[in-house]
Amino acid sequence: MKFSAPRGTRDILPEEASRWRWLEEVFREQCRLYGFGEIRTPIFEETGLFARSIGEETEIVTKQMYTFSDQGGRSLTLRPEGTAGVVRAYLQSGLANQGGVQRLFYFGPFFRYERPQKGRFRQFYQGGVEVFGAEGPQLDAEVIALAMDFLNALGLEGARLRINSTGCKTCRPVYEKALRKALAPVVDKLCSWCQERYKGNTLRILDEKRPDCRRYLKDIPSILDSLDKECREHFEDLRVLLNGLGIPYEVESDVVRGLDYYTRTVFEINQPGLGAQDALGGGGRYDGLVEEFGGKPTPAVGWGMGVERILDALETNRQPQAGKGPAQEGLVYFATAGSVDMEIVPNLISEVRASGMAAISASLDKALKAQMKEASRQCCRWVVIVGEDEIAAGTVTLRDMESGEQQNIKREKLIDTLKQLMEQKPL
RNA sequence: GUGGCUGUAGCUCAAAGGUAGAGCGCUGGACUGUGGAUCCAGUGGCUGCGGGUUCGACUCCCGCCAGCCACCCCA
């Protein structure tokens, strides 16, 4: 074979695509129930948009972006996440000037240059939501509830919600200072990675999982003890709201996300047993980003969820597959036998399709037997046989491929009979 | 970016220095206008790509590419 799909990308064939469509429909329906409207933003943006929002020093920006320059010399980047583009659009389109609370959702492909492994691709799909203009914890809770409802509606079980607060621009530096102080005696014993972070993005040291480093991180202070009054109340209220909604969660003070724009609430949803990449989704509040982009100070909160990982989790959970084969979509197969006027079948098929039923026919002059086999392979529930005998009698033979029953009916009654059968004998 | 494992027929896998095989699938027949079951026959390959060692390489060595898994990071 001459070509293959680029590394980290994959083809989704019809059978699998129907599962994807099902998931997307469930997602859209949940968003609708929560009053969210869809937004579609470009798949590439100015490189600077991502660098400035996600953070110049983050992994995503420093090593994982698909960046290229176009014919005009502009530096563009395939979007590695959804929030930056939505914030940009929110400002550029004037949505920001309409006031009030804006609830938006998106669904589509994202790109990160990483080494592929289980649950990690270079092109992957995410569904996400963003809410602008609401400062209180009510929307944090609502957005989390939406995420959990989405997973429940898919029939997923066992997902774990972990929440934390990373404070605001006033109290986070206080904590970072305390953290640096606590780590000062052991900093030279930490790995080079941690030492880098110690200097720059101290908070992210909490993310360290290596046992070697971990044991020096045992007694570090919790960020939750450093939150100022407003942030503490915000977090406490969020917990009250989640409790009220009956949403189980765990507070974990070392949940830190890899994107710099988060403030206060951050959360992650994990599916134990999925493998090394077990985060189905995550998000949080980003109260400073709109202002950072030149808008007026606007609180915001949102999340993104990984489609491949959710489908993977459903698979390992052995949840019902929602895949629909052609049979379930009522596909009708037209077969011919003997020499039949070329125009008859196409005309009949047209009529069937015009009445809303899906139909296909043999493309070649094959033996009836071969046509039946093809119909079977295509999972067609019904086969209409139009042969010389039928033409002579003005009828068609209609076969139910599941029961094997056949009947001879007047050609004019085909449509009505098919309709009737589809209602009577759905799969 | 680093490491481990793996690339043989459309698919799942054998062959371990001596001419590349099976099952499933596919095509046809038994059954000349009737799918699935059974039996029979046929179709199947630059052994991922490129070098090297050897009289001889699917097999050993090197490089590249790809897949899987992990590190890292995250969806």
Side-chain angles (χ1 to χ4, degrees), chain A residues 1-10 54 58-64 79-83 107-128 147 191-194 196-197 201 204 207-213 255-259 268-271 274-283 303-313 327 333 335-340 362 364 366-392 396-406 408:
Chain A
M1 211 176 318
K2 204 150 189 173
F3 298 106
S4 56
R7 185 162 208 204
T9 69
R10 42 187 305 247
I54 298 166
T58 58
E59 294 276 314
I60 293 176
V61 170
T62 55
K63 359 188 346 195
Q64 301 178 351
R79 60 184 190 186
E81 61 99 47
T83 302
F107 188 97
F110 294 87
F111 307 84
R112 286 183 205 171
Y113 188 87
E114 291 189 90
R115 190 121 167 213
Q117 73 181 79
K118 186 176 172 64
R120 181 202 271 171
F121 304 90
R122 290 185 172 179
Q123 173 172 335
F124 58 97
Y125 288 75
Q126 243 178 275
C191 66
S192 55
W193 229 170
C194 283
E196 276 297 309
R197 291 168 174 179
N201 204 337
R204 304 235 43 230
D207 223 7
E208 177 62 75
K209 290 169 199 107
R210 290 181 59 88
D212 302 12
C213 290
V255 172
V256 183
R257 316 228 64 240
L259 296 85
E268 210 166 285
I269 298 169
N270 300 82
Q271 182 75 15
L274 246 201
Q277 313 302 326
D278 70 350
L280 298 181
W303 50 252
M305 303 266 279
V307 176
E308 290 86 349
R309 290 185 188 176
I310 293 172
L311 289 172
D312 205 8
Y333 190 92
T336 56
S339 63
V340 173
L364 293 170
K366 283 186 173 178
L368 180 58
K369 182 185 173 75
Q371 296 181 61
M372 297 300 286
K373 193 168 183 175
E374 178 66 9
S376 187
R377 189 177 5 230
Q378 299 285 339
C379 298
C380 293
R381 175 68 188 277
W382 288 282
V383 171
V384 177
I385 300 168
V386 186
E388 288 173 358
D389 300 347
E390 285 85 353
I391 299 287
V396 295
T397 297
L398 181 54
R399 179 183 177 88
D400 181 332
M401 294 296 275
E402 191 159 284
S403 64
E405 289 166 17
Q406 273 185 205
N408 207 259

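Note on naming: letters A, B, ... go to the chains in the order of the sequence lines (proteins, then strands), and numbering restarts at 1 for each one.
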Exercise for review: Could you pick out which residue, A:Arg204 or A:Lys369, lies toward the 5' side of RNA chain B when each is mapped onto its nearest nucleotide?
Suggested key: A:Lys369

Review point. A:Gln117 near the nucleic acid: base, sugar-phosphate alone, or nothing, with a heavy-atom cut-off under 4.0 Å?
Key: base

Point to revise | Short side-chain to backbone donor-acceptor contact, A:Gln371 and A:Thr336, under 3.5 Å | key: yes

Exercise for review: Provide the distance between the two C1' atoms, one in B:rC60 and one in B:rG25, to the nearest whole Å.
Suggested key: 35 Å

Practice item. Measure the spacing between CG of A:Asn270 and CG of A:Asp278 and express it to the nearest 0.5 Å. Key: 4.5 Å

Exercise for review: Assign A:Gln406 to base, sugar-phosphate, or nothing according to its heavy-atom contacts below 4.0 angstrom with the strands shown.
Suggested key: base

Review point. NA contact type, A:Leu280, heavy-atom cut-off 4.0 Å: base, sugar-phosphate, or nothing?
Key: sugar-phosphate

Review point. Considering only the C1' atoms, how many Å lie between B:rA20 and B:rG56, rounded to the nearest integer?
Key: 15 Å

Check your understanding: When the C1' atoms of B:rA16 and B:rU8 are considered, how many whole Å apart are they?
Key -> 13 Å

Check your understanding: Counting a pair only when it is Watson-Crick or G-U and both distances are under 3.5 Å, which runs of at least 3 such pairs involve RNA chain B?
Key -> B:1-7 with B:65-71, B:10-13 with B:21-24, B:26-30 with B:38-42, B:48-52 with B:60-64

Review point. So do the side chains of A:Tyr333 and A:Val384 get within less than 4.5 Å of each other, counting heavy atoms only?
Key: no

Exercise for review: Check every strand shown and say whether A:Gly283 touches a base, only sugar-phosphate, or nothing at a heavy-atom separation below 4.0 Å.
Suggested key: nothing

Check your understanding: A:Arg399 near the nucleic acid: base, sugar-phosphate alone, or nothing, with a heavy-atom cut-off under 4.0 Å?
Key -> base

Check your understanding: For A:Arg309, which contact category applies under a 4.0 Å heavy-atom criterion: base, sugar-phosphate, or nothing?
Key -> base

Practice item. Report yes if the side chains of A:Val307 and A:Gln126 come closer than 4.5 Å at any heavy-atom pair, otherwise no. Key: no

Review point. A:Asp389 near the nucleic acid: base, sugar-phosphate alone, or nothing, with a heavy-atom cut-off under 4.0 Å?
Key: base

Review point. Atom OG1 in A:Thr58, atom CG in A:Asn201: separation rounded to 0.5 Å?
Key: 8.5 Å

**Study point:** Touch class at under 4.0 angstrom, heavy-atom based, for A:Phe121 against every strand present
**Key:** base

Review point. If you measure from the C1' atom in B:rU12 to the same atom in B:rC26, how many Å do you get, rounded?
Key: 16 Å

**Study point:** Nearest-Å distance once atom C1' is located in both B:rC58 and B:rG7
**Key:** 11 Å

**Study point:** Whole-angstrom distance between B:rA15 and B:rU6, as gauged at atom P
**Key:** 13 Å

Check your understanding: Heavy atoms under 4.0 Å, any strand shown: does A:Leu259 hit a base, just sugar-phosphate, or nothing?
Key -> sugar-phosphate

Exercise for review: Indicate yes or no: at least one non-hydrogen side-chain atom of A:Tyr113 is less than 4.5 angstrom from one of A:Lys63.
Suggested key: no

**Study point:** Euclidean distance for P, B:rA66 against B:rA57 (whole angstrom)
**Key:** 28 Å

**Study point:** Sugar-phosphate, base or nothing in reach of A:Glu268, heavy atoms under 4.0 Å
**Key:** nothing

Point to revise | Side-chain donor-acceptor contact under 3.5 Å, A:Glu390 with A:Thr397 | key: yes

Review point. What is the nucleic acid contact for A:Met401, judged by heavy atoms within less than 4.0 Å: base, sugar-phosphate only, or nothing?
Key: base

Check your understanding: A:Arg10 versus A:Gln123: any side-chain heavy-atom pair under 4.5 Å?
Key -> no

Check your understanding: Can you check whether A:Glu374 reaches A:Gln378 side chain to side chain, under 4.5 Å on heavy atoms?
Key -> yes

Review point. With a 4.0 Å cut-off on heavy atoms, is A:Arg257 in touch with a base, just the backbone sugar-phosphate, or nothing at all?
Key: sugar-phosphate

Revision key, fill the gap. Under a 4.0 Å heavy-atom criterion, RNA chain B is touched by chain A from B:rG1 to B:rA75

Check your understanding: Distance between the C1' atoms of B:rG48 and B:rU59, in whole angstroms?
Key -> 16 Å

Review point. Within the structure shown, what part of the strands sits under 4.0 Å from A:Glu374 by heavy-atom distance: base, sugar-phosphate, or nothing?
Key: nothing

Practice item. Nearest-nucleotide wise, let me know which of A:Gln277 and A:Gly338 is further upstream toward the 5' end of RNA chain B. Key: A:Gly338

Review point. So how far is it from A:Asp312 CG to A:Gln277 CD, rounded to the nearest 0.5 Å?
Key: 11.0 Å

Check your understanding: Across the strands shown, which category fits A:Gly128 at heavy-atom distances under 4.0 angstrom: base, sugar-phosphate, nothing?
Key -> nothing

**Study point:** Nearest heavy-atom neighbours spanning A:Leu368 and A:Ile385
**Key:** CD1-CG2, 4.4 Å

